[in-house]
Amino acid sequence: MEKKRIEWVDIYKALGIILVVVGHATGAFNNYIYQFHMAAFFFISGYTTNFDRDSAVHYVYKKIYSLYIPLLFLTIMGAALMAILNATSVYSVFYDGGYIGFIDTIKNFVCEGTNYVWWLGATWFIVVLMQVEICQRIIYMICGNKNGILYAVFSLSLFVFGYFCVENSLFNAINLAFIGQGFFATGQIMRSGKKIDDISTGKLVGIGVAVCGYLYFAQKYFDATVDYPSKKFGNIVLNYCSGVLGSLLLIVISCCLVKLLNDRMKKPLIEIGKSTFGILVFHFMAFKILFLILAKLGIITMQEVQLTTPADSIKKYWLFITAFSVAFSMELWKIVNKNNFFSFLLGKKNGWEKLWNRVFKRAEKSVVEIEENSNKTIQYTFKMMCIFFLCGIWSYIAISYIGYWKSLEITFPYAGNKNVIFDEGWLPQGEETYRWIAKEGSIEVKKGNWNQIYMSGYVPKEFDMVTDIKIEINDEEVFEKELKDDRNWLYEGNISSSHGYRVGEILNIKIVFNGIYMPDENEADQREKSSLVNEIIFK
């Protein structure tokens, strides 16, 4: 049973990392892949983690040497290689961005978590995963080393808080971890349920078909995709359901493959699953090498070699690109790990555990004694702190989100709102019950739970050079009117989620006129303007 369990987990990871590479090789399937592919890794990490196996200190130590140290080592080696490429004028062949230098590359990674080694672009996930695992271990400890109701409520609250932080640009260094730990916790809770291995193939297929139906429905009628690096998320409930159900789909497929394939056919997938870290780290490098080969063959241009992902002209070969990248990354990962010193820096367990036993074991014993001697009073205090923390999170979110559920009326003179930003196209505000706008002006609004937008204004008759108005929302033209006899203009539009506008996203509303009024030198108001705006209402 244990062997089968390990097999399906390796195959699960193999399918997950292949989806990551496919998503970068072609955008054709991203409406499906981006619904769950990152959540799937957080989920399986939670499902396979046994918090009781190690003390909290030992657990954090393991995550640092297995995740952060390898990434730091690879960043240093990558920065050194980039310095060599830059010195030999080869850097510009692969990358069109400026070279910031060896020291700055390391400093940016250590101090800000930003990786400027161009082939390590996907490694943001490793940093977030380490944050997720440490965060979850702390939550587990606070909840009395049990993944019960308090653990679930705490994790769910932090998950919701993560969405709130992303929408409001709070805790930018760790807000993705707040979201990722929600899927980790889901996997952790599910591991205490029925064993996956015990579910029959027929039931697995039925579950898989149902999940496929949901993912198709979600991408067809809603925007359920998420982009973690860009921090673009949609509806929290839809994103969570898609993430969990997509993870469940990978479990179903993995278990079916374990039951249906023989050992020889399973072996390649298992090997891919064991090399997940290496594929994540090196597949962008594999892209570049393949691009250079294709450029030398005259299939793509040298400018297209500088692209991070395949050019449109070769995206139709995504299957070959994916296979090449996976195979190249696996081989390179094996080669680097053959060296004992490199293997140690890349997180090989034996060496780090020897270091632990020799250096840190005594410190661990002290912490474990404190944990074991914790009486009920301390446990009760931890739980009360947890409850107060949860109440604080939910109260803060509730107060902050009140504005999302009310209509927003922008009338003039406007008192101001942190969720509304006028650009320089809007002339300075006076005490008038309207506001002048020049030839082109934009307003950025964080969308609430609104379905309609109303905008009205007026172009004075003496502004005869202004004969047309256009309105764009997020670069899409939604309104146009020719201003002849009727110089008033009114726009009524739909900004509901069914039209692709998400609650919490930034709406960029641009008002554009085809002319601008130049005042006579004798006029009191010497400002150049095109129209006045009476009001903007969202409801």
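All of these numbers come straight from a predicted model, not from anything done at the bench.
The number of heavy-atom neighbours closer than 6.0 Å to CG of Asp52, taken from other residues, nucleotides and ligands shown, is above 12. Remark: Ile149 CD1 is loosely packed, at most 12 non-hydrogen atoms of other residues, nucleotides or ligands lying under 6.0 Å away. In this structure, Lys296 places its NZ atom where only 12 or fewer heavy-atom neighbours from other residues, nucleotides or ligands lie under 6.0 Å away.
Counting only distance, with no hydrogens or angles, the side chain of Thr186 and the backbone of Gly182 share a donor-acceptor pair below 3.5 Å. Between the side chain of Ser55 and the main chain of His58, a donor-acceptor pair closer than 3.5 Å is present. Put simply, the side chain of Gln306 never gets that close to the backbone of Met302: no donor and acceptor are under 3.5 Å apart. With hydrogens and angles disregarded, no donor-acceptor distance shorter than 3.5 Å links the side chain of Asn147 to the backbone of Ile189. The main-chain N or O of Lys232 is never found under 3.5 Å from a side-chain atom of Ser230 such that the two would form a donor-acceptor pair. Using modelled atom types, no side-chain atom of Glu304 and backbone atom of Phe291 make a donor-acceptor pair closer than 3.5 Å. No donor-acceptor distance shorter than 3.5 angstrom exists from the side chain of Ser155 to the backbone of Ala152, with no hydrogens or angles considered. Between the side chain of Asn262 and the backbone N or O of Met265, at least one donor-acceptor pair lies under 3.5 Å. In terms of modelled atom types and a separation under 3.5 Å, the side chain of Asn239 and the main chain of Ala224 share a donor-acceptor contact. In this structure, the side chain of Lys315 does not engage the main chain of Ala28 through any donor-acceptor pair within 3.5 Å.
In this pair, Phe284 and Phe287 present their aromatic rings perpendicular. The plane angle is above 60°, beyond the 30 to 60° band. Under the 30°/60° scheme for interplanar angles, the aromatic rings of Phe161 and Phe164 are found to lie parallel. In this structure, His24 and His283 have parallel ring planes: the angle between them is below the 30° cut-off, well short of the 60° mark. Using cut-offs of 30° and 60° on the angle between ring planes, the pair Tyr61 and Tyr65 is perpendicular.
For Tyr163 and Phe178, the gap between ring centers reaches or exceeds 6.0 Å. Side-chain rings of Phe328 and Trp119 stay apart, their centers remaining 6.0 Å or farther from each other. The six-membered or imidazole ring of Tyr140 lies away from that of Phe154, with a centre-to-centre distance of 6.0 Å or more.
A search for salt bridge (Lys or Arg N to Asp or Glu O under 4.0 Å) contacts involving Lys288 returns nothing, not counting sequence neighbours. In this structure Ile76 satisfies the side chain to side chain contact (heavy atoms under 4.5 Å, CB included) test together with Leu72, Phe102, Ile106, sequence neighbours excluded. Applying the ring pair (Phe, Tyr, Trp, His ring centres under 6.0 Å) rule to Tyr214 yields no partners; only residues at least two apart in sequence or on another chain are considered. Shown here are the salt bridge (Lys or Arg N to Asp or Glu O under 4.0 Å) partners of Lys146, two or more places apart in sequence or in another chain: there are none. For Lys266, the salt bridge (Lys or Arg N to Asp or Glu O under 4.0 Å) partners at least two apart in sequence or on another chain are Glu7, Asp263. Under the side chain to side chain contact (heavy atoms under 4.5 Å, CB included) criterion, Lys316 pairs with no residue, sequence neighbours left out. Taking the side chain to side chain contact (heavy atoms under 4.5 Å, CB included) definition, one finds that Ser92 meets it with nothing, sequence neighbours left out. In this structure Leu346 satisfies the side chain to side chain contact (heavy atoms under 4.5 Å, CB included) test together with Pro70, Phe73, Leu74, Trp333, Val336, Asn337, sequence neighbours excluded. Every residue two or more places apart in sequence or in another chain that forms a salt bridge (Lys or Arg N to Asp or Glu O under 4.0 Å) with Lys107 is listed here: Asp104. His37 is linked by a ring pair (Phe, Tyr, Trp, His ring centres under 6.0 Å) to Tyr34, counting only residues two or more places apart in sequence or in another chain. Every ring pair (Phe, Tyr, Trp, His ring centres under 6.0 Å) that Phe94 has, sequence neighbours left out, goes to Trp118. For the ring pair (Phe, Tyr, Trp, His ring centres under 6.0 Å) test, residues two or more places apart in sequence or in another chain that qualify with Phe29 are Trp318.
The line from CZ of Phe43 to CD1 of Ile251 is 4.0 Å long, rounded to the nearest 0.5 Å. Atom OG1 of Thr26 and atom CD1 of Ile321 lie 8.5 Å apart (nearest 0.5 Å). Once rounded to the nearest 0.5 Å, the distance linking CG of Leu507 with CG of Asn474 reads 5.5 Å. Taken to the nearest 0.5 Å, the CD1 atom of Ile293 stands 7.5 Å off from the CD1 atom of Ile289. Taken from OH in Tyr317 to CD1 in Ile299, the straight-line distance is 7.0 Å, to the nearest 0.5 Å.
Contact of the Thr123 side chain with the Val281 side chain is registered, since non-hydrogen atoms from C-beta on lie closer than 4.5 Å. The shortest distance between side-chain heavy atoms of Val20 and Met38 falls below 4.5 Å. Here the side chains of Glu133 and Gln136 are not in contact, with every heavy-atom distance at 4.5 Å or above. For the pair Phe42/Gln181, no side-chain contact is recorded, criterion being any heavy-atom separation below 4.5 Å from C-beta on. Residues Phe109 and Leu120 are not in side-chain contact: their nearest non-hydrogen atoms beyond the backbone lie 4.5 Å or more apart.
For the pair Lys63 and Tyr59, the distance from NZ or CZ to the six-membered ring centre is under 6.0 Å and the angle to the ring normal is within 45 degrees.
If you run side-chain contact (heavy atoms from CB on, under 4.5 Å) between Ile134 and each of Val60, Leu129, Leu67, only Val60 comes through.
A donor-acceptor contact closer than 3.5 angstrom is absent between the side chains of Asn30 and Thr225.
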